[in-house]
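Throughout, protein chains are lettered first and strands after them, A, B, ... in sequence-line order, and every chain is numbered starting at 1.
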Protein chains: 2
Amino acid sequence: MDARQILKDHITKSVELTDAQFDGFYACFKHESFKKGQMLIREGDAVTREYFVLSGCLKTYFLNDELRMTILQFAMPTWWASDYDALYNRHPAAVIVDCVANAEVLSISTDDRERICHEIEAIGHFFRWRTNRGYAASQRRLLSLMTNDTRKRYEDLLEQYPTLFQLVPKHLIASYLGVSRETLSRLYHSSR
Amino acid sequence: MDARQILKDHITKSVELTDAQFDGFYACFKHESFKKGQMLIREGDAVTREYFVLSGCLKTYFLNDELRMTILQFAMPTWWASDYDALYNRHPAAVIVDCVANAEVLSISTDDRERICHEIEAIGHFFRWRTNRGYAASQRRLLSLMTNDTRKRYEDLLEQYPTLFQLVPKHLIASYLGVSRETLSRLYHSSR
DNA sequence: GGTCTTATGTGACTTACATCACAATTTACG
DNA sequence: CGTAAATTGTGATGTAAGTCACATAAGACC
């Protein structure tokens, strides 16, 4: 399945567009390929684009003063990624986005996004819908982090994204869950 | 300052509207008053509205199986509140929204919001802008929760929202920070 | 296919915070 | 203004998870 079709399937889940409207939308995107380990966003970068994943997997992470990694999110196919704080508030990137595996992405700039939203209201609706869902997901994750113990959060992640455990090394999953790799190892083996 | 002017000041921070456009937008809202302790959203409710705070303070919280409270957010004047997961994903409320102090709010339904966004593109832009910022704030909070220790998170909150510490009992702030009220008390007294 | 790098597992020890119980202080209400 | 309720403070104790160090296994690369 090609890039255009993947995006079309994704967007038509929530809005109806004519072919001409979709063509106009698709024309805003740049198609890019990255190798495992390559960075799409470096700390300190001006962030003007967000990325829709076609294949592979990205991770968005923060490095603290001791260079300890904390993963904010993964992005599998049909997920979006950027440093959203930097993107929306127009300041330099504080997090890093790179490839856990070779990836192909479509990227769009904020200016193009706002222009096309202005021209085609259904695209505006799509982006409100998508950001609303992202916000709700983020709130659920916050809640889970504050109310569930380590084992529960691990089990919930395993149940909700089993493929993540195949795509991604466990020490990265530990970092996403906010636990040490030793703790994740212990949870993993006591649940089998 | 009256309700209409507060909302107008709020929205014109990010978009320009004609008076007629703003009138159309303002007409979508219902003006409501609540007493301290009153609930705007109960667990299990169908959620169809979100609330813009004019005065007072709200809290959004979750009760676990042991009826332990975890506060997801506060809402002071010019902040918005709802159960966003339930609102956007159309399922019953899993969290509760009530008043920490007597409050006046403007509320708008999702249907009215989407209709007015469709009619006036600038309103669509406003809501994308607002949800984008909310999403970025939520990501920052997630990051802080996972990378900073308890003292740092407490000190950051005190610096960023000093008035919250005047408006809200400390045991509620502890619940928002995800620590026990004893731990917050200890941090509070060792930082003076 | 061998070697180097990365990932994972495990045991021992440390620690930040929760919990519990009780006391003191502050706030709210009649 | 007095009393009851709510909030906050404090000491002692327990525990889940982190850290450290080392070993083993798996994966990547030449």
Side-chain angles (χ1 to χ4, degrees), chain A residues 34-38 56-57 59 61-71 74 98-103 144-158 164-192, chain B residues 34-38 56-57 59 61-71 74 98-103 144-158 164-192:
Chain A
F34 295 89
K35 293 294 188 185
K36 177 177 180 180
Q38 258 194 292
C57 185
K59 69 181 191 284
Y61 64 99
F62 174 78
L63 294 176
N64 71 5
D65 290 339
E66 288 89 37
L67 301 193
R68 167 78 57 85
M69 179 191 295
T70 299
I71 291 174
F74 293 104
D98 73 2
C99 296
V100 177
N102 292 356
S144 174
L145 204 54
M146 294 201 290
T147 61
N148 293 328
D149 66 14
T150 304
R151 171 175 297 283
K152 175 93 167 83
R153 296 197 291 107
Y154 156 72
E155 286 169 351
D156 286 351
L157 187 68
L158 184 54
L164 199 66
F165 283 73
Q166 270 105 55
L167 288 174
V168 168
K170 287 192 181 62
H171 70 102
L172 295 184
I173 293 180
S175 173
Y176 172 84
L177 285 171
V179 305
S180 72
R181 61 164 196 82
E182 292 94 339
T183 294
L184 186 65
S185 181
R186 289 168 172 134
L187 288 172
Y188 188 77
H189 286 289
S190 70
S191 71
R192 287 150 76 82
Chain B
F34 296 88
K35 293 293 187 188
K36 179 178 179 179
Q38 257 194 293
C57 184
K59 68 182 192 283
Y61 63 98
F62 173 78
L63 295 177
N64 72 4
D65 291 339
E66 287 89 36
L67 301 192
R68 167 77 58 84
M69 177 189 297
T70 299
I71 290 173
F74 293 103
D98 75 1
C99 297
V100 177
N102 292 355
S144 175
L145 204 52
M146 295 200 289
T147 61
N148 293 330
D149 65 16
T150 304
R151 172 175 296 282
K152 176 97 169 82
R153 295 197 290 106
Y154 155 72
E155 286 170 352
D156 286 349
L157 187 67
L158 182 55
L164 201 66
F165 284 74
Q166 269 106 56
L167 288 174
V168 166
K170 287 192 180 64
H171 70 104
L172 296 184
I173 294 181
S175 171
Y176 172 85
L177 284 171
V179 305
S180 71
R181 63 165 195 80
E182 293 92 342
T183 295
L184 185 65
S185 179
R186 289 166 172 132
L187 289 173
Y188 187 77
H189 286 288
S190 71
S191 70
R192 289 149 75 83

Closest-nucleotide 5' rank along DNA chain C - winner of B:Arg186 and A:Arg186 | A:Arg186
Verify the contact: side-chain N or O of B:Thr183 to OP1 or OP2 of C:dA18, cut-off strictly under 4.0 Å; return yes or no.
-> yes
Write down the distance between CE (B:Met146) and P (D:dA17), rounded to a whole number of angstrom.
-> 16 Å
Which whole-number value in Å describes the distance from A:Glu66 CD to D:dT19 C1'?
-> 13 Å
Would you mind reading off the distance between B:Gln166 atom CD and C:dT27 atom C1', rounded to a whole angstrom?
-> 16 Å
What N/O pairs connect the protein and nucleotides 4-6 of chain C at under 3.5 Å? Give each pair on its own line.
none

Atom CG of B:Leu172 and atom P of C:dT26 are separated, to the nearest Å, by 19 Å
Expected rows: protein N/O vs nucleotides 21-25 of chain C N/O, under 3.5 Å:
none

Nearest-angstrom distance from the residue atom CD1 of A:Ile173 to P of C:dA7 | 12 Å
Quick one: does B:Asp98's side chain have a donor or acceptor within less than 3.5 Å of a partner on B:Gln38's backbone?
-> no
Rounded to the nearest 0.5 Å, the CG atom of A:Leu172 sits from the CZ atom of A:Phe74 at a distance of 5.5 Å
Return yes if some donor-acceptor pair links the side-chain N/O of B:Thr70 with the main-chain N/O of A:Thr147 below 3.5 Å, else return no.
-> no
C:dC17 P sits how many Å from B:Arg151 CZ, rounded?
-> 9 Å
Side-chain contact check for A:Lys170: nearest option of C:dA18, C:dG9, D:dT19 is C:dG9
So which one's nearest nucleotide on DNA chain D is more toward 5', B:Leu184 or A:Gly178?
-> B:Leu184
Check whether any side-chain N or O of B:Asn102 sits under 3.5 Å from a backbone N or O of B:Lys35 as a donor-acceptor pair, and report yes or no.
-> no
May I ask you to verify if any side-chain N or O of A:Thr150 is less than 4.0 angstrom from the OP1 or OP2 atom of D:dA17?
-> yes
Between atom CG in B:Leu187 and atom C1' in C:dA18, what is the gap in whole Å?
-> 13 Å
Candidate nucleotides C:dT19, C:dC17, C:dA7, ranked by approach to the side chain of B:Arg68 - the nearest = C:dT19
N/O contacts under 3.5 Å, protein versus nucleotides 27-29 of chain D?
none

Kindly say if B:Arg153 contacts the phosphate of C:dC17, meaning a side-chain N or O under 4.0 Å from OP1 or OP2.
-> no
